[in-house]
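Here is the structure we will look at, set down as structure tokens.
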There are 2 protein chains.
Amino acid sequence: MEKSLMHKDKKPVAVPEPTIRRMPAYLTLLRQLKDEGQEFISAPRLASFFNLDPTQVVKDLAYAGAAGRPKVGYVVEKLVEILEEFLGFNRKHEAFLVGAGFLGSALIQYQGFREAGMKIVAAFDTDKKKIGKDISGVPVFDLAKFRDLAGRLHISIGIITTPSSAAQQIADLMVGWGIKAIWNFAPISIKVPPHVIVQDTHIYANLAVILNKLNNAGR
Amino acid sequence: MEKSLMHKDKKPVAVPEPTIRRMPAYLTLLRQLKDEGQEFISAPRLASFFNLDPTQVVKDLAYAGAAGRPKVGYVVEKLVEILEEFLGFNRKHEAFLVGAGFLGSALIQYQGFREAGMKIVAAFDTDKKKIGKDISGVPVFDLAKFRDLAGRLHISIGIITTPSSAAQQIADLMVGWGIKAIWNFAPISIKVPPHVIVQDTHIYANLAVILNKLNNAGR
DNA sequence: ATTTAATAAAGAATAATATCTTTAATAAAA
DNA sequence: TTTTATTAAAGATATTATTCTTTATTAAAT
């Protein structure tokens with residue numbers, strides 16, 4: 001079959017989120033190995049790049065539908081294809097971004113998203129000073145134009161990089177305007193109806209982990 | 001005692017990472033509630049903001065050393081203090097950043113880090129065009145100056161926002177120069193000796209989760 | 001051919017985390 | 001007072017994720 005393992009003859013088994021989160025890291029490395037002309041890679045070796053258990057890697061790759069051969073490993077090129085397909089990184093994902101401040105500008109300019117098929121095609125703001133400008137070729141429109149443009153361009157992903165005070169309100173608008181998935185960078189949790197996907201990316205969470213480890217380092 | 005629960009009379013129990021990662025979100029909301037003048041908050045109510053199980057919140061807060069009162073909840077102001085102290089967000093954390101590109105510039109300009117006591121005090125690059133400039137008041141130095149400045153300013157946190165091809169090399173240098181914790185934004189996993197803390201922040205991981213949910217939405 | 005070493009795959013065991021249940025505390029209502 | 005409702009806290013259970021173990025496969029060496 002395709003994109004997920006089958007459990008007996010019941011519904012497809014959901015892929016664990018930790019697995020999904022590890023996959024892009026595999027893909028990044030595998031693309032590099034491919035560029036270097038490496039043909040095969042074994043799970044133990046792949047695991048050593050990430051300090052993971054080899055069986056973990058095998059299982060993760062199996063979720064994507066990849067199979068390896070004993071004594072040989074996986075075909076790098078095939079694996080790249082499988083992961084790109086599984087993750088959807090080989091398809092085009094156009095997104096609208098609301099909040100053209102520092103963070104928003106950085107995300108727009110961030111070349112790396114291309115590797116994942118993601119493209120921010122327009123930004124929106126309510127600040128008159130920002131409207132009409134463009135950021136590395138991406139136009140900044142008045143938020144009032146979001147609905148019309150999103151409908152016409154069939155945009156399903158919305159990115160929120162506003163201050164946290166505005167985030168929930170923007171999310172509500174996005175939901176009303178037909179956005180299917182919201183990627184929120186404001187440091188609050190936003191609420192959406194169950195049919196809408198929301199992913200909060202809280203940069204503080206990572207910082208908290210670092211500081212905690214730093215504090216505990218002397219034990 | 002202080003910052004972690006005691007297990008019998010043995011060593012302090014490590015605080016689960018998921019707990020650490022949730023705490024900044026609690027703190028952000030609690031600061032907001034405090035600003036709004038709210039005096040008390042119950043765990044069930046706090047949990048509702050994040051769609052979490054109330055007992056989860058109670059346990060998380062207990063790890064930080066917070067106690068609530070039945071029928072009343074927690075004192076918001078006290079809770080803010082406890083979490084800030086536990087997370088170290090009320091202390092100053094000075095960091096050096098290497099890689100003054102779009103992402104690096106965005107992190108430097110990102111006001112939000114202040115809320116966590118984090119300050120990027122200098123940036124470094126090897127690109128002559130960038131050296132000597134400043135980004136919102138933060139100077140960009142030649143990478144060659146990192147070691148001397150880090151030693152004199154007692155910097156223990158290094159942030160990597162270089163292209164992935166350079167990241168491991170920069171990490172090695174940082175380790176040699178006495179950096180204790182590395183926050184890596186390049187989309188690869190970097191390797192460091194066991195005494196050095198490393199936190200990889202892979203933005204693709206979040207994107208992968210979103211795309212996966214979007215793909216599975218029609219089931 | 002036969003053996004050996006490396007490996008993927010499947011399954012079992014373990015560990016970590018989240019959820020559910022019960023108990024105890026306490027403020028407000030009766 | 002006494003009762004009731006709400007809640008934190010502690011403990012038990014369930015779930016999830018990771019790691020360990022075993023088996024089967026296969027390429028290379030003998």
Side-chain angles (χ1 to χ4, degrees), chain A residues 1 4-8 11-23 25-26 30 38-76 78-79 82-83 189 205 209 212, chain B residues 1 4-8 10-23 25-26 30 38-76 78-79 82-83 189 205 208-209 212:
Chain A
M1 287 218 64
S4 40
L5 294 175
M6 301 297 283
H7 179 64
K8 302 290 168 57
K11 294 211 210 83
V13 163
V15 180
E17 188 167 312
T19 293
I20 304 267
R21 299 184 66 85
R22 283 187 292 267
M23 284 178 174
Y26 300 149
L30 289 163
Q38 194 167 320
E39 242 187 303
F40 301 100
I41 180 97
S42 70
R45 189 159 150 61
L46 195 44
S48 75
F49 280 100
F50 301 101
N51 298 315
L52 292 173
D53 188 285
T55 59
Q56 177 93 84
V57 174
V58 170
K59 291 189 174 179
D60 286 346
L61 297 180
Y63 274 114
R69 277 163 65 204
K71 251 328 236 196
V72 175
Y74 299 81
V75 178
V76 172
K78 192 83 203 305
L79 207 43
I82 287 174
L83 284 173
S189 286
V209 173
N212 181 256
Chain B
M1 284 216 65
S4 40
L5 292 176
M6 302 296 283
H7 180 62
K8 301 292 167 58
K10 289 170 189 163
K11 293 211 210 83
V13 162
V15 180
E17 187 167 313
T19 292
I20 304 266
R21 297 184 67 87
R22 284 188 292 267
M23 283 179 177
Y26 299 150
L30 288 164
Q38 195 166 320
E39 241 188 303
F40 303 100
I41 179 101
S42 69
R45 190 157 150 61
L46 195 44
S48 75
F49 280 100
F50 302 101
N51 298 317
L52 292 172
D53 189 285
T55 59
Q56 179 92 84
V57 173
V58 170
K59 289 188 175 180
D60 286 346
L61 297 179
Y63 274 114
R69 276 164 67 206
K71 219 35 199 176
V72 175
Y74 300 82
V75 177
V76 172
K78 193 82 204 307
L79 208 42
I82 288 174
L83 284 172
S189 284
V209 173
N212 181 255

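Naming convention: chains lettered A, B, ... in sequence-line order (proteins, then strands); numbering from 1 in each chain.
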d([atom1], [X]; [atom2], [N]) in whole Å:
{"X": "B:Asp60", "N": "D:dA8", "atom1": "CG", "atom2": "C1'", "answer": "14 Å"}
{"X": "B:Asn51", "N": "C:dA18", "atom1": "CG", "atom2": "P", "answer": "15 Å"}
{"X": "A:Met23", "N": "D:dA17", "atom1": "CE", "atom2": "P", "answer": "13 Å"}
{"X": "B:Glu17", "N": "D:dA17", "atom1": "CD", "atom2": "C1'", "answer": "14 Å"}
{"X": "A:Tyr63", "N": "C:dA10", "atom1": "OH", "atom2": "C1'", "answer": "12 Å"}
{"X": "A:Asp53", "N": "C:dT14", "atom1": "CG", "atom2": "C1'", "answer": "12 Å"}
{"X": "A:Arg21", "N": "D:dA17", "atom1": "CZ", "atom2": "P", "answer": "12 Å"}
{"X": "A:Phe40", "N": "D:dA28", "atom1": "CZ", "atom2": "C1'", "answer": "14 Å"}

Any donor-acceptor pair, under 3.5 Å, between the side chain of A:Lys71 and the base of C:dT4, if you only look at N and O atoms?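 Check fails, no donor-acceptor contact within cut-off.
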At less than 3.5 Å, do the side-chain atoms of A:Lys59 and the base atoms of D:dT19 form a donor-acceptor pair? yes
Nearest heavy atoms of B:Pro44 and B:Pro54, plus distance in Å: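 The pair with the smallest heavy-atom distance is CA-CB, 3.9 Å.
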When rounded to the nearest 0.5 Å, the distance separating CD1 of B:Ile41 from OH of B:Tyr26 is 11.5 Å
If you measure from CD1 on A:Ile82 to CG on A:Leu61, what distance do you get to the nearest 0.5 Å? 8.5 Å
Hey, is the side chain of [X] poking within less than 4.0 Å of OP1 or OP2 on [N], counting only N and O atoms?
{"X": "A:Arg69", "N": "D:dA27", "value": "yes"}
{"X": "B:Gln56", "N": "C:dT17", "value": "no"}
{"X": "B:Tyr74", "N": "D:dA9", "value": "yes"}

Should B:Met23 and B:Tyr63 count as side-chain neighbours, where that means a heavy-atom distance under 4.5 Å? yes
Side chain to side chain, B:Lys59 and B:Thr19, heavy atoms closer than 4.5 Å: no
Which is true for [X] with a 4.0 Å heavy-atom rule: it touches a base, it touches only sugar-phosphate, or it touches nothing?
{"X": "B:Arg22", "result": "sugar-phosphate"}
{"X": "B:Ser42", "result": "sugar-phosphate"}
{"X": "B:Pro54", "result": "nothing"}

Taking C:dT17, D:dT18, C:dT21 as options, the one with an atom nearest any side-chain atom of A:Pro18 is D:dT18
